[in-house]
Asker: 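One structure, pasted below without further comment.
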Amino acid sequence: MRLWKVTVKSRLLAGLGLALCCFSLIIFTQVNTPAATVSSLPNSLPNPQVHPLPPTLANWQDSTNSGDYFDQVKPPNFGHLLWSKFPIQVYVERPVDANKSEEWVAAVLDVVREWGVYLPLEVVDSSEVADIRILRRAPPLRQGVLRSRSGEATYELYARRDGDKTVLSHRFSVYLNPNQVGKYIPATARHELGHALGIWGHSLMETDVLYFSQVRTPPPISARDVNTLKRVYEQQTRLGWEFSPQIPGDWKSSLHKQSPRNARLREDWD
């Protein structure tokens, strides 16, 4: 069974009410729409629980006491978008006919290594088995968005078989616009990968990678970024826990943009 090509079942979409959500980088626009209510989720989903911290985060100590921006993180109602199976498998697309593709791949791999200091990440050669796909493609067009976006991170939910268990799981696709050049390639990748690793929100300080807008001098991963990531991984989530799906097998769940349950935040990106 192909991991990334799954069939949308209308009956499941009505039952789940779980959104294919995204963070997208566009220019001069910021929109928030409310997420699904807990009552809209099916009873078959697992109860939210806390996973053990991965050692890389458990051992993290901020000697500068820089604080965090956890209050800005807005998870979906099924829980924080954190990972519990490690290493997280990351696929980086390697275009063979694109200009400067080698430079792009090298920059993105460097970003994966940067975040890999704080969470176990493994680069894989196949998108079929990846938890996170990083793609050198323009973000998909969205109704009402006229300006080009620099990047976007989207997730989908699926039922993963783990031995004789069925586990509620998610996977991410990160789109990086091939028109990005120079320092803005790793800056966009660093930001979007931060979303895919679980920081589903934005900092209000421009010295953080997850600042909501692009800055002239893109910052490295800050202590506040890592502090926020650690707090995310200390929270309850339904992801990664066993459940009995009403419809067996994998699914891809999405809601149209017009639905009030489709939570999306767009970032200013100069």
Asker: At their closest point, which heavy atom of Gln180 faces which heavy atom of Ser150, and how far apart are they?
Answerer: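 It is NE2-OG, 3.3 Å.
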Asker: For Trp104 and Val92, which heavy atoms make the closest approach, and how far apart are they?
Answerer: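 Minimum heavy-atom separation between Trp104 and Val92: CZ3-CG1, 3.9 Å.
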Asker: Closer than 3.5 angstrom, by distance alone: can the side chain of Tyr233 be matched with the main-chain N or O of Ser84 as a donor-acceptor pair?
Answerer: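 Not a single qualifying donor-acceptor pair exists.
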Asker: Using side-chain contact (heavy atoms from CB on, under 4.5 Å), reason through Lys230 and Gln61 one step at a time and then give a plain yes or no.
Answerer: CA-CA 10 Å; Lys230 183 173 182 176; Gln61 298 293 329; 4.2 Å; yes
Asker: Would you say Ser173's side chain and Thr154's backbone share a donor-acceptor pair under 3.5 angstrom?
Answerer: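 Pair absent, no side-chain N/O of Ser173 close to backbone of Thr154.
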Asker: About how many Å separate CG of Leu121 and CG of Leu109, when rounded to the nearest 0.5 Å?
Answerer: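 That separation rounds to 11.5 Å.
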Asker: So, do His202 and Lys74 sit near enough that their side-chain heavy atoms are less than 4.5 Å apart?
Answerer: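 Of all side-chain heavy-atom pairs linking Lys74 with His202, none is under 4.5 Å.
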Asker: Would you please classify the geometry between the Phe70 ring and the His80 ring as parallel, tilted or perpendicular, with 30° and 60° separating the classes?
Answerer: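 Parallel, since the angle between the ring planes stays under 30°.
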Asker: Under 3.5 Å, side chain of Ser101 to main-chain N/O of Pro95, donor-acceptor pair present?
Answerer: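 Looks like yes, one N/O pair under 3.5 Å.
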Asker: What pairs with Asp208 under salt bridge (charged side-chain N to carboxylate O under 4.0 Å, His left out), at least two apart in sequence or on another chain?
Answerer: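 Salt bridge (charged side-chain N to carboxylate O under 4.0 Å, His left out) list for Asp208, sorted by chain: Arg224.
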Asker: Is the closest side-chain heavy-atom distance between His195 and Trp200 below 4.5 Å?
Answerer: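 A side-chain contact exists here, since the closest heavy-atom pair is under 4.5 Å.
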Asker: List the atom of Pro219, the atom of Arg190, and the distance in Å for their closest heavy-atom pair.
Answerer: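 Nearest pair, atom of Pro219 first, then Arg190: O-NH1, 3.5 Å.
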Asker: Any side-chain heavy-atom pair from Val117 and Trp60 closer than 4.5 angstrom?
Answerer: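 Val117 does not reach Trp60 side chain to side chain.
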Asker: Within a reach of under 6.0 Å around CG of Asp71, are more than 12 heavy atoms found that belong to other residues, nucleotides or ligands?
Answerer: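 Yes, because the 6.0 Å sphere around CG of Asp71 holds more than 12 heavy atoms from other groups.
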Asker: Answer yes if Trp83 and Val167 sit in the same cluster of Ile, Leu, Val, Met, Phe, Trp and Tyr residues linked by side chain heavy atoms under 4.5 Å apart, and no otherwise.
Answerer: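 Looking at the clustering, Val167 is in a separate group from Trp83.
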Asker: Just by distance, with hydrogens left out, do Asp225 and Ser222 show a side-chain donor and acceptor under 3.5 Å apart?
Answerer: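 Present: a donor and an acceptor within the cut-off.
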Asker: I'd like to check Tyr155 versus Leu239 (side-chain heavy atoms, cut-off strictly below 4.5 Å). Are they in contact?
Answerer: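 Heavy-atom side-chain distance check fails, nothing below 4.5 Å.
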Asker: Do other residues, nucleotides or ligands put more than 12 heavy atoms under 6.0 Å from the NZ atom of Lys165?
Answerer: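 Check fails, neighbour count at 12 or below.
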Asker: Once rounded to the nearest 0.5 Å, what's the spacing between atom OG of Ser63 and atom CG of Asn65?
Answerer: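 If we round to the nearest 0.5 Å, Ser63:OG and Asn65:CG are 7.5 Å apart.
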Asker: Quick check: does any side chain N or O of Thr207 sit under 3.5 Å from a backbone N or O of Met205, one acting as donor and the other as acceptor?
Answerer: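 No.
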Asker: Look up atom CD1 in Ile132 and atom CZ in Arg171, then write down how far apart they are to the nearest 0.5 Å.
Answerer: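 It comes to 13.0 Å.
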Asker: Residues two or more places apart in sequence or in another chain: which of them pass salt bridge (charged side-chain N to carboxylate O under 4.0 Å, His left out) with Arg94?
Answerer: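 Counting only residues at least two positions away or on another chain, Arg94 forms no salt bridge (charged side-chain N to carboxylate O under 4.0 Å, His left out).
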Asker: Which is it for Phe172 and Ile88 under the side-chain contact (heavy atoms from CB on, under 4.5 Å) test, yes or no, and what are the steps along the way?
Answerer: CA-CA 11 Å; Phe172 261 91; Ile88 304 165; over 6 Å; no
Asker: Carefully, step by step, assess Val90 and Trp115 under the rule side-chain contact (heavy atoms from CB on, under 4.5 Å).
Answerer: CA-CA 11 Å; Val90 181; Trp115 278 113; over 6 Å; no
Asker: With rounding to the nearest 0.5 angstrom, report the CZ to CZ distance, Arg238 to Phe243.
Answerer: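 So the gap between those two atoms works out to 11.0 Å.
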Asker: Is the closest side-chain heavy-atom distance between Thr188 and Asn177 below 4.5 Å?
Answerer: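 Of all side-chain heavy-atom pairs linking Asn177 with Thr188, none is under 4.5 Å.
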Asker: Does Tyr175 offer a backbone N or O that forms a donor-acceptor pair with the side chain of Glu152 under 3.5 Å?
Answerer: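 Looks like no, no N/O pair under 3.5 Å.
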Asker: For the hydrophobic clusters of this structure (ILVMFWY residues joined by side-chain heavy atoms under 4.5 Å, transitively), does one cluster hold both Ile199 and Val50?
Answerer: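 No, separate clusters.
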Asker: How many angstroms lie between CG in Leu82 and CG in Leu229, if you round to the nearest 0.5 Å?
Answerer: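 CG of Leu229 is found 9.0 Å from CG of Leu82.
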Asker: Check Glu122 against Pro87 and note the closest heavy-atom contact, atom names and distance.
Answerer: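 What the structure gives for the nearest pair is OE1-CG, 3.3 Å.
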Asker: To the nearest 0.5 Å, tell me how far Leu176 CG sits from His191 NE2.
Answerer: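 Rounded to the nearest 0.5 Å, the CG-NE2 separation comes out at 11.0 Å.
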Asker: Taking side chain as C-beta onward, heavy atoms only, is Ile134 less than 4.5 Å from Val112?
Answerer: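 Yes, side chains in contact.
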Asker: Under 3.5 Å, is there a donor-acceptor pair linking the side chains of Arg161 and Thr166?
Answerer: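 Yes.
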Asker: Closest heavy-atom contact between Gln89 and Val129?
Answerer: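 Minimum heavy-atom separation between Gln89 and Val129: OE1-O, 3.0 Å.
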Asker: Once side-chain hydrogen bond (donor to acceptor under 3.5 Å, both in side chains) is applied, what residue pairs with a partner in residues 48-57 remain, sequence neighbours excluded?
Answerer: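 Of all non-adjacent pairs touching residues 48-57, those that pass side-chain hydrogen bond (donor to acceptor under 3.5 Å, both in side chains) are His51-Trp241.
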Asker: Between Phe78 and Leu157, is the side-chain contact (heavy atoms from CB on, under 4.5 Å) condition met? List the steps.
Answerer: CA-CA 10 Å; Phe78 52 81; Leu157 303 181; 3.8 Å; yes
Asker: Are Leu168 and Leu45 close enough that some pair of their side-chain heavy atoms sits under 4.5 Å apart?
Answerer: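 Counting from C-beta outward, Leu168 and Leu45 do come under 4.5 Å.
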Asker: Can you see which heavy atom on Ser126 is nearest to which on Tyr91, and at what distance?
Answerer: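 Smallest heavy-atom distance, with atoms named: C-CD1, 3.7 Å.
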